[in-house]
Amino acid sequence: MSLVGPANAAGVRTLQVGGLTLIVPPVKAIGAPVVILLVLAMMILPLPAPLLDLFFTFNIALSLLVLLVASYSIRPLDFAVFPTVLLVTTLLRLSLNVASTRAVLMHGHTGTDAAGRVIESFATFLVGGNFAVGIIVFSILTVINFVVVTKGAGRIAEVSARFALDAMPGKQMAIDADLNVGQIDQAEARRRRSEVAREADFFGSMDGASKFVRGDAIAGILIVFINIVGGLLIGTAQHALSVEQAANNYVLLAIGDALVAQVPGLVISVAAGLIVSRVADDDDVGGQVVKQLLSLPRALGLTAAVVALLGIVPGMPHFAFLALSALIGWFAWWLSHQQARRANAAPASAEPPPANAEASWDDVEPVDILALEVGYRLISLVDRDNGADLLARIKGVRKKFAHEVGFLPPPVHVRDQLELKPSAYRVLLKGVVVGEGEAFPGMMLAIDPGSASGPIAGTATRDPAFGLPATWIDAQQRDNAQGMGYTVVDAATVVATHLHHLMQTHAARLLGRGEAQQLLEHLGRYAPKLADEIVPKLVPMAVFQKVLQNLLDESVHVRDLRGIVETLGEHGARTQDATELTREVRVALAPAIVQQAFGPTQELSVIAIEPNLENLLVQALAPNAASALEPGVAEYLLTAGAEAAQKQEDEGHPSCLLVPDRIRVPLARLLKKAAPRLRVLGHAEIPDTHSIRIGRLIGEAK
């Protein structure tokens, strides 16, 4: 037999035996099963008295170790393996009870040391050799363990498990909210979610594990009864002992056996009570007691005074009461003196900040991709302690954006900004202000969608998201405003809606390299071969990102990522030009683009360009055009395009301009600022299943 190689990262070694290679698992992988098998074997195999002494001593030491670990644990999850330890220790005690019962019944006639010296010591020293006293002490310990400690710990575990399960959704939402506002990263969020789930599992396990101790106490009572009755019968019938001698041997051994198992069981039950009754803190049990129970000199002083009054009552043990009162009073005085010293020394010990400290890379703060700055009056909208829900609304905005647009936007970092007006806010994209407005907590914004029956009293303004006429009103006027046809929203909804609109408008700038990579990783979960074969093998990552940004820049959603990547794979070998690839992708996504703009209708009411003007634009804007577009024509297009788009929307139709494919891109760029909601489609982007109706004609003679 020879060692083939060292242990690997998992601790596994290989052994060469003849022509066979054996895999040897690490000790920690087989330790627990071996221990459990040995514990169960003790129920079957007879054990000599010295081994019983050793195992009983080990059981006592193990119970003390568990108690001390439970005492020093700061949180319940610091001893998460406790339910399993409780099961193993219960099995160990029961196995020892079975083994000792076998020894008592087989060799009890030889004397009180038949089952080992440990049982004999518990039977003679702890109860003075009096089995009546032993039965009473055992009964008291059983009642304390079964009725007081175990029942209370089990009830606490049951209630804790119920509340932990009920609180899981709220805790998960709080973690998501912290993640959305950038207070934690993905790794910390995963760790917190795992901790919440583990806490619920732990208290649920403790609720069930408490039944082990209850069953152990019942089994202990039955084992004592069996040992006493069986020992008396065996001693008198088989070994011809007198009743007095049989009782002296077997009953004392039964009581000693019960006590030597019941004492560690009580210690384990106390440890279970300590674990489940802990309240989360940064200290262990001893630290919490000292900090919370012995930290108030006034309470200690009153306690000393009451004890002293009891001490002078006639008939009381004066020395004990007065001595204890003096000790508590001295400790109260000393504690008060120490607290006064720390309070006086605190200002002097505070170290001033270092002057003229050297600059470091810690002074360089990264620019937030997306940030929301609020004035001090709007801080209440993001204060969770006061029941504010703006953070939850921002979380909903990010989810809605991801569902509609097709990728997860960066977290929104919310912070206060004293430079702003008290009720003002602004949205920053990569450190640049892209939108701002005002909101008034406690008031409502009544927005006129165009069908309001009349004006309403309040502060006139404009909806910051869409520029509609609006009025800030008191909350009491909400029902009246809704009855007049206004759309009424609160301040948090105003900010969240404005944020969502800005995210939609600047979706292309929100899609960075990291988001593009995450999109590919997401695609790889359900189409791994497609993602690996196209990007970056056929289409570079930079080109892929640019294509997505081009689509988003014209309000085309990228939800159909599979179709986008398939189209890139089809045309990527022919060209690497992002503009050309974007055109091919738009043609492939034509049904989705049309449905996004027009809905499920099959007849599309569009804006067209007068043929002569269209020919002029083709000559000026088409690729490799020989002439340029005249400024007058460009100005006319801007004015006429915005006017036609507004008229289409007033009639309830989407504003969409249909042009030849060759001039779609430059014309869309030209009209974007004048008519941001005007969509420019090419002829190839109209599916064969739809028909076209010309609703407006730009350039038509009036």
Would you say that more than 12 heavy atoms from the other residues, nucleotides or ligands in this model lie under 6.0 Å from the [atom1] of [X], or not?
| X | atom1 | answer |
| --- | --- | --- |
| Arg509 | CZ | yes |
| Glu419 | CD | no |
| Asp688 | CG | no |
| Glu635 | CD | no |

Working to the nearest 0.5 Å, report the span between [atom1] of [X] and [atom2] of [Y].
| X | Y | atom1 | atom2 | value |
| --- | --- | --- | --- | --- |
| Tyr486 | Gln477 | OH | CD | 10.5 Å |
| Glu580 | Gln576 | CD | CD | 12.0 Å |
| Ile369 | Glu515 | CD1 | CD | 5.5 Å |
| His506 | Asp553 | NE2 | CG | 10.5 Å |
| Gln482 | Thr487 | CD | OG1 | 8.5 Å |
| Ile473 | Asn480 | CD1 | CG | 8.0 Å |

Could you check whether any side-chain heavy atom of [X] comes within less than 4.5 Å of a side-chain heavy atom of [Y], counting everything from C-beta outward?
| X | Y | result |
| --- | --- | --- |
| Val374 | Leu420 | no |
| Pro411 | Leu370 | no |
| Thr582 | Val665 | no |
| Leu502 | Leu429 | no |
| Leu667 | Ile609 | yes |
| Tyr526 | Arg562 | yes |
| Leu428 | Val434 | no |
| Val489 | Thr497 | no |

Under a 3.5 Å distance rule, please check whether [X] uses its side chain to pair with a backbone N or O of [Y] as donor and acceptor.
| X | Y | result |
| --- | --- | --- |
| Glu630 | Val633 | no |
| Gln549 | Gly512 | no |
| Glu610 | Asn612 | yes |
| Arg664 | Val680 | yes |
| Gln596 | Ser555 | yes |
| Arg398 | Pro410 | yes |
| Arg559 | His403 | yes |

* Option among Leu510, Leu552, Leu499, Val405 that satisfies the side chain to side chain contact (heavy atoms under 4.5 Å, CB included) test with Gln504 -> Val405
* **Cys656: which of Leu604, Leu681, Ile607 passes side chain to side chain contact (heavy atoms under 4.5 Å, CB included)** => Leu681
* To do: Only pairs at least two apart or in different chains count here, so list each side-chain hydrogen bond (donor to acceptor under 3.5 Å, both in side chains) that has a residue in residues 436-465.
  => none
Which atom of [X] lies closest to which atom of [Y], heavy atoms considered:
| X | Y | value |
| --- | --- | --- |
| Leu629 | Ala634 | CD2-CB, 3.9 Å |
| Leu511 | Ala516 | CD1-N, 4.1 Å |
| Ala481 | Ala446 | CB-CB, 4.3 Å |
| Gly695 | Ser605 | CA-OG, 4.0 Å |

* Which residue pairs pass the ring-ring contact (aromatic ring centres under 6.0 Å, His included) test when at least one of the two sits in residues 421-466, sequence neighbours left out? -> Tyr425-His498, Phe440-Trp472, Phe466-His501
* Asked: Which ring-ring contact (aromatic ring centres under 6.0 Å, His included) pairs, counting each pair once, include a residue from residues 533-576, with sequence neighbours left out?
  -> none
* **Gln545 vs Arg513, side chain to side chain contact (heavy atoms under 4.5 Å, CB included): CA-CA, chis, key distance, verdict** => CA-CA 7 Å; Gln545 178 186 352; Arg513 182 62 60 88; 2.8 Å; yes
* Asked: Any ion pair linking Arg191 and Glu188 (charged N to carboxylate O, less than 4.0 Å)?
  -> yes
* **Positive for salt bridge (Lys or Arg N to Asp or Glu O under 4.0 Å) with Glu554, one of Arg677, Arg669, Arg679, Arg586** => Arg586
* Audit row: Arg696, His653, side chain to side chain contact (heavy atoms under 4.5 Å, CB included) steps and yes/no -> CA-CA 11 Å; Arg696 289 284 182 279; His653 300 294; over 6 Å; no
* Does the pair Val427 and Val433 meet the rule for a side chain to side chain contact (heavy atoms under 4.5 Å, CB included), with working shown? -> CA-CA 6 Å; Val427 180; Val433 178; over 6 Å; no
* Asked: How far apart are the C-alpha atoms of Gln646 and Asp650, what are their side-chain angles, what is the distance that settles it, and do they pass the side-chain hydrogen bond (donor to acceptor under 3.5 Å, both in side chains) test?
  -> CA-CA 6 Å; Gln646 186 61 46; Asp650 292 341; 3.0 Å; yes
* Structure fact -> Those residues at least two apart in sequence (or on a different chain) that pass salt bridge (Lys or Arg N to Asp or Glu O under 4.0 Å) with Asp368 are Arg415
* Phe598: what forms a ring-ring contact (aromatic ring centres under 6.0 Å, His included) with it, not counting sequence neighbours? -> none
* Start with the C-alpha distance between Glu195 and Arg192, add both sets of side-chain angles, then the distance that settles salt bridge (Lys or Arg N to Asp or Glu O under 4.0 Å), and finish with yes or no. => CA-CA 5 Å; Glu195 184 173 336; Arg192 291 189 183 181; over 6 Å; no
* To do: May I have all residue pairs that pass salt bridge (charged side-chain N to carboxylate O under 4.0 Å, His left out) and include part of residues 518-539, sequence neighbours excluded?
  => none
* Lys647 vs Glu643, side chain to side chain contact (heavy atoms under 4.5 Å, CB included): CA-CA, chis, key distance, verdict -> CA-CA 6 Å; Lys647 289 182 178 180; Glu643 181 181 352; 3.2 Å; yes
